[in-house]
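A short write-up of the structure that comes next.
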There are 2 protein chains.
Amino acid sequence: MDHPDTDDVCAGRVRDKEATRQRILDSARELFTSEGYAQVSSRRIAAHAGVNVALINRYFGAKRGLLAEIIANEAVFPGIVEGDPATLPRRLAEYIVHHTLGGGSLLQRALEQSAGDPDLWSIHQERLENAVVQPLADSLDGHDTRVRASLAVSLMLGIGLLRRLEVVTSLAEYGSADLVERLTRIIEACLAETSPEA
Amino acid sequence: MDHPDTDDVCAGRVRDKEATRQRILDSARELFTSEGYAQVSSRRIAAHAGVNVALINRYFGAKRGLLAEIIANEAVFPGIVEGDPATLPRRLAEYIVHHTLGGGSLLQRALEQSAGDPDLWSIHQERLENAVVQPLADSLDGHDTRVRASLAVSLMLGIGLLRRLEVVTSLAEYGSADLVERLTRIIEACLAETSPEA
DNA sequence: CTTGACAAGTCAACACTGTTTACTTATACC
DNA sequence: GGTATAAGTAAACAGTGTTGACTTGTCAAG
């Protein structure tokens with residue numbers, strides 16, 4: 001039940017640096033997506049790509065370099081922050097329900113799954129900062145945009161984390177429409193410029 | 001700069017199963033807390049406890065057994081759900097600001113740091129379910145208590161996760177009082193029985 | 001006091017990980 | 001055609017968690 005798929009006739013192949021690099025990258029993305037970063041070994045990626053293990057470190061420095069390059073090319077919010085700011089919370093809520101609760105993006109899975117490895121922190125740090133928090137903060141008006149954006153992102157990440165642990169089957173069972181409604185209210189509270197007094 | 005501290009005269013020690021077990025447990029808790037589960041090897045725990053590596057597997061089945069036992073004896077909400085339900089959101093907000101944003105509990109750190117290892121999922125799953133989500137849900141009135149509790153827990157976990165990645169320096173820099181106020185509103189939205197229409 | 005038995009503790013090995021070094025081999029240019 | 005150089009490889013290194021066979025200490029029975 002293993003996958004020795006070398007994708008091609010393995011020995012008789014022209015030597016093409018760029019093509020080999022891409023093949024490793026594709027294999028890594030596929031395996032990381034389906035099994036998670038920590039669960040896929042360098043040797044398995046190499047075998048899947050029909051390539052020697054040492055090439056991973058030759059072309060990407062280390063295993064973490066693979067993840068870094070994959071994540072860097074992954075879209076996060078596909079055009080959610082653009083559009084009417086008034087309905088931004090609802091769009092984010094729908095994104096959570098339809099993407100984070102189901103499958104979830106590679107970025108998110110990778111983030112949650114590798115949050116324990118300090119080696120990978122800097123990767124996620126930069127990516128979250130530049131591709132998630134900052135764009136969201138920029139789409140807001142008023143003061144404390146960074147804080148408000150961070151709170152909303154926290155919620156999204158936390159839901160994904162709980163979901164991954166399969167603790168919140170209740171969320172999955174809950175009606176989609178109702179959940180979107182609830183999340184919209186919560187995200188509005190996260191993004192609110194001034195917290196209304198009790 | 002290493003720690004060969006065997007804690008005692010290493011060779012001339014009486015053979016006491018329970019004492020040895022406890023010493024391993026204490027060493028593991030100390031190291032896991034300060035460096036994280038994945039970063040501490042079995043051999044280092046054994047050396048720190050002045051004990052042979054094999055005893056870890058003998059007494060705890062595997063490394064994950066150590067974490068399971070440590071987490072099981074760790075208090076999560078020290079009596080937060082008890083008390084006036086009206087001010088529960090504020091108490092949770094204060095807990096987040098003073099514990100999650102600062103250091104964070106061992107449970108939380110362990111959860112975030114080991115969320116990538118499927119071997120550990122079941123541990124956190126059970127613990128989160130029984131010691132966090134369920135008690136919080138039980139303290140709520142009305143319908144959908146599980147969903148509402150899960151949403152609040154998601155927020156708490158997400159904030160801890162972002163904090164760990166040091167993305168949200170903005171949250172740490174933000175005034176404590178203001179942050180508590182903001183979080184109180186958000187948690188109220190999470191725990192609200194019926195989401196108020198826009 | 002001596003002798004077993006059994007538990008407590010040890011050692012060496014296993015299969016695996018990511019990474020590196022020295023090596024071979026194919027390609028492209030003169 | 002010969003050769004420099006890049007592409008690709010094999011083998012080893014140090015590390016991980018885990019396991020089974022082994023030694024050794026302790027304590028009760030004869």
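All values below come from the heavy atoms of this structure, side chains included, with hydrogens, waters and symmetry mates left out. Here is the naming used below: chain letters follow the sequence lines, and residue numbers restart at 1 for every chain.
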May I have the step-by-step check of side chain to side chain contact (heavy atoms under 4.5 Å, CB included) for A:Leu92 and A:Leu183, ending in yes or no? CA-CA 8 Å; A:Leu92 287 172; A:Leu183 281 171; over 6 Å; no
Can you tell me how far P of D:dT16 sits from CD of A:Gln39, to the nearest Å? 19 Å
For the side chain of A:Tyr59, counting heavy atoms from C-beta on, which of C:dA7, C:dT19, D:dG8 is nearest? D:dG8
What is the separation between atom CZ on A:Arg21 and atom P on D:dA6, rounded to the nearest whole Å? 17 Å
Listed nucleotide nearest any side-chain atom of A:Lys63, set D:dT19, C:dT21, C:dT19: C:dT19
Quick one: A:Lys17 NZ to D:dA7 P, roughly how many Å, whole number? 5 Å
Polar contact flag, side-chain donor to acceptor under 3.5 angstrom, B:Asn73-B:Glu69: no
In whole Å, what is the span from the CG atom of A:Leu31 to the P atom of C:dG18? 12 Å
Base D:dT16 paired with B:Arg44 side chain (donor-acceptor, <3.5 Å): no
Considering all heavy atoms, the nearest A:Arg91-A:Asp84 contact: NH1-O, 3.1 Å
Are A:Arg127 and A:Val76 side-chain neighbours, meaning at least one heavy-atom pair lies under 4.5 Å? yes
Side-chain N or O of B:Asn52 less than 4.0 angstrom from OP1 or OP2 on C:dG9? no
Would you say A:Leu136 and A:Val132 make side-chain contact, with heavy atoms under 4.5 Å? no
Checking only heavy atoms, does the side chain of A:Arg43 share a donor-acceptor pair with the base of C:dG18 at less than 3.5 Å? yes
Any donor-acceptor pair under 3.5 Å between the side chain of A:Arg15 and the base of D:dT5? no
Atom CZ of A:Arg58 and atom C1' of D:dT9: how far apart are they, to the nearest Å? 10 Å
In whole angstroms, the gap separating C1' of C:dG9 from CG of B:Asn57 amounts to 14 Å
Consider the side chain of B:Leu55, meaning its heavy atoms from C-beta on, and name the nucleotide among C:dG9, C:dT19, C:dT25 that approaches it most closely. C:dG9
Phosphate-side-chain proximity, A:Thr20 and D:dG8, N/O vs OP1/OP2 below 4.0 Å: yes
Interatomic distance, B:Phe60 CZ vs C:dA8 P [rounded to whole Å]: 13 Å
Mind calculating the distance between CZ (A:Arg64) and P (C:dT19) to the nearest angstrom? 10 Å
